[in-house]
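See structure below.
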Amino acid sequence: MTDRPTLPSIDDITGHQRLRRTRRYEWSRALVRENQISVSDLIWPIFVIEGHDVTEPVSAMPGVERMSIDRAVEAARMAESLGVPAVAIFPNTPPNLRSEEGEESCNPDNLVCRATRAIREAGIEIGIMLDVALDPYTTHGHDGVLRPGGPVGAQTVVRGDQIVGNDATVEILIKQSLVQAEAGADILGPSDMMDGRIGAIRRALDAEGRQDVMIMSYAAKYASAFYGPFREAVGADAHLKGDKRGYQMDPANGNEALREIAKDIEEGADMVMVKPGMPYLDIIARASDTFNTPMFAYQVSGEYSMIHAAAANGWIDGESAMWESLTAFKRAGCDGILTYFASTVAQRLAG
């Protein structure tokens, strides 16, 4: 009978480095945890509608409601009490106020401007972020105005020979930004993906004495399939003609995102965002490693709805998936996250 070879011990293999030691207890896991979610990481997107004491459920987003301005004030007050730093307000503009050129976006009495003033007048100390783009205000559902310029059949064409005109859109975005700043917005979020709009908006704000208004650029916004529930929430789903691939980013591209982010920082963005979030964690990580600028992600409606749908079917633990997804943003390098889970997370953290 031959002797069996002497096998190396586990300590010989690991060199006495047993990484499971610190995972054994909850307290030891907490001691060495590299990334944690805090309430100060969160921006809560909310949707406003006309009316008084009114809420409407968004069917594709369980737990999310459109709310009249008085209800939005209550939501902002709750968020303030929980320590949420900011809310992002989006309008569901009535169809009769939508137009080809999106003029309602520049109306000082539009939904988001009135909601902003109402929160301010209520004395609620919370940051207010407003979206700078035309899609909630146009009859065609695009982020800008249509102009001739595309060959028939081209992917960039929206209708006939029309495409979204870059420079004509920027002129309107400047007016929209000034109206929102006048209403009391702290952060403007240009989400349109027009070239040059960050520099143009920054110059216009500064010229009007609005140097303190911040810009969070949707710097790398992809032409994503994950936006569907949001478009229902703002009422743009029934209006959208064509697609947005002519101005939003190709999901196949990564280096282009870094060029977009660099350009927006150079033009004066105070903070930059990658949208959507979870499918683009690699972009967030690359951008965080490259730029010394506050980095945000938008955990978009489709991401939120998928977690809820899978949880409703018993396929995943929705609560755990919520925390895991948000922690992934922090691990990738985010300073903050726009998420529809914000109020839930804040309540859990408050105990």
Side-chain angles (χ1 to χ4, degrees), residues 26-27 29-31 33-48 55 61-90 112 115-131 180 183-189 212-216 270-275 277-278 284 288 293-301 303-304 307-308 318-351:
E26 175 56 36
W27 62 262
R29 291 193 296 273
L31 277 175
R33 188 164 291 138
E34 297 174 31
N35 296 283
Q36 300 187 61
I37 298 296
S38 72
V39 70
S40 61
D41 296 322
L42 307 173
I43 296 177
W44 185 23
I46 61 175
F47 302 101
V48 291
T55 60
M61 301 177 70
V64 175
E65 298 177 322
R66 306 178 194 93
M67 43 189 124
S68 53
I69 289 173
D70 55 307
R71 290 293 191 95
V73 171
E74 293 174 9
R77 183 175 284 111
M78 180 192 71
E80 178 199 29
S81 71
L82 292 169
V84 175
V87 293
I89 307 174
F90 298 90
V112 295
T116 299
R117 288 197 297 270
I119 293 169
R120 290 281 173 257
E121 290 165 3
I124 299 170
E125 296 185 4
I126 195 167
I128 298 177
M129 177 174 173
L130 297 183
D131 181 57
Q180 292 178 348
D186 300 291
I187 305 172
L188 301 183
D212 293 336
V213 175
M214 292 171 272
I215 296 177
M216 182 190 293
D270 302 287
M271 300 165 276
V272 294
M273 180 203 299
V274 174
K275 180 183 180 183
M278 289 179 65
I284 295 167
S288 178
T293 298
M295 179 66 54
F296 288 75
Y298 198 141
Q299 185 179 44
V300 300
S301 58
E303 300 172 62
Y304 172 89
I307 291 173
H308 270 284
E319 181 90 2
S320 296
M322 174 186 72
W323 288 107
E324 185 177 344
S325 65
L326 296 174
T327 302
F329 292 126
K330 293 292 290 184
R331 190 186 66 244
C334 279
D335 297 287
I337 310 154
L338 286 82
T339 176
Y340 302 99
F341 288 118
S343 61
T344 300
V345 170
Q347 290 174 44
R348 299 288 192 276
L349 291 172

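Source: prediction; values computed, not measured.
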Item to check | Stepwise side chain to side chain donor-acceptor pair (under 3.5 Å) test for Gln299 and Ser325 | outcome: CA-CA 9 Å; Gln299 185 179 44; Ser325 65; 3.0 Å; yes
Got a second to check how far [X]'s [atom1] is from [Y]'s [atom2], nearest 0.5 Å?
{"X": "Ile37", "Y": "Thr327", "atom1": "CD1", "atom2": "OG1", "result": "4.5 Å"}
{"X": "Ile89", "Y": "Met129", "atom1": "CD1", "atom2": "CE", "result": "11.0 Å"}
{"X": "Trp323", "Y": "Leu349", "atom1": "CH2", "atom2": "CG", "result": "4.0 Å"}
{"X": "Asn35", "Y": "Arg331", "atom1": "CG", "atom2": "CZ", "result": "7.5 Å"}
{"X": "Thr116", "Y": "Ile128", "atom1": "OG1", "atom2": "CD1", "result": "4.5 Å"}
{"X": "Met78", "Y": "Ile126", "atom1": "CE", "atom2": "CD1", "result": "9.0 Å"}

Do you know the tightest heavy-atom contact between [X] and [Y]?
{"X": "Leu326", "Y": "Val345", "result": "CD1-CG2, 3.5 Å"}
{"X": "Ala88", "Y": "Leu338", "result": "CB-CD2, 4.3 Å"}
{"X": "Arg77", "Y": "Ala122", "result": "NH2-CB, 3.6 Å"}
{"X": "Leu82", "Y": "Ser343", "result": "CD1-O, 4.2 Å"}
{"X": "Ile307", "Y": "Ala321", "result": "CG2-CB, 4.0 Å"}
{"X": "Phe329", "Y": "Ala297", "result": "CD2-CB, 3.9 Å"}

Checklist entry - In terms of the angle between their ring planes, are Tyr340 and Tyr298 parallel, tilted or perpendicular, with boundaries placed at 30° and 60°? => result tilted
Any side-chain to backbone donor/acceptor pair from [X] onto [Y]? Under 3.5 Å, distance only.
{"X": "Ser288", "Y": "Ile284", "answer": "no"}
{"X": "Arg71", "Y": "Thr55", "answer": "no"}
{"X": "Gln36", "Y": "Lys330", "answer": "no"}
{"X": "Glu303", "Y": "Val300", "answer": "yes"}
{"X": "Asp270", "Y": "Ile215", "answer": "yes"}

Would you call [X] and [Y] a side-chain contact if the rule is heavy atoms closer than 4.5 Å?
{"X": "Met271", "Y": "Asp335", "result": "no"}
{"X": "Phe341", "Y": "His308", "result": "yes"}
{"X": "Ile43", "Y": "Phe296", "result": "yes"}

Checklist entry - How about Glu319: does its CD atom have over 12 heavy atoms from other parts shown lying under 6.0 Å from it? => result yes
Next on the checklist: Assess whether a salt bridge exists between Arg33 and Glu26, defined as any Lys/Arg side-chain N lying under 4.0 Å from an Asp/Glu carboxylate O.
Outcome noted: yes
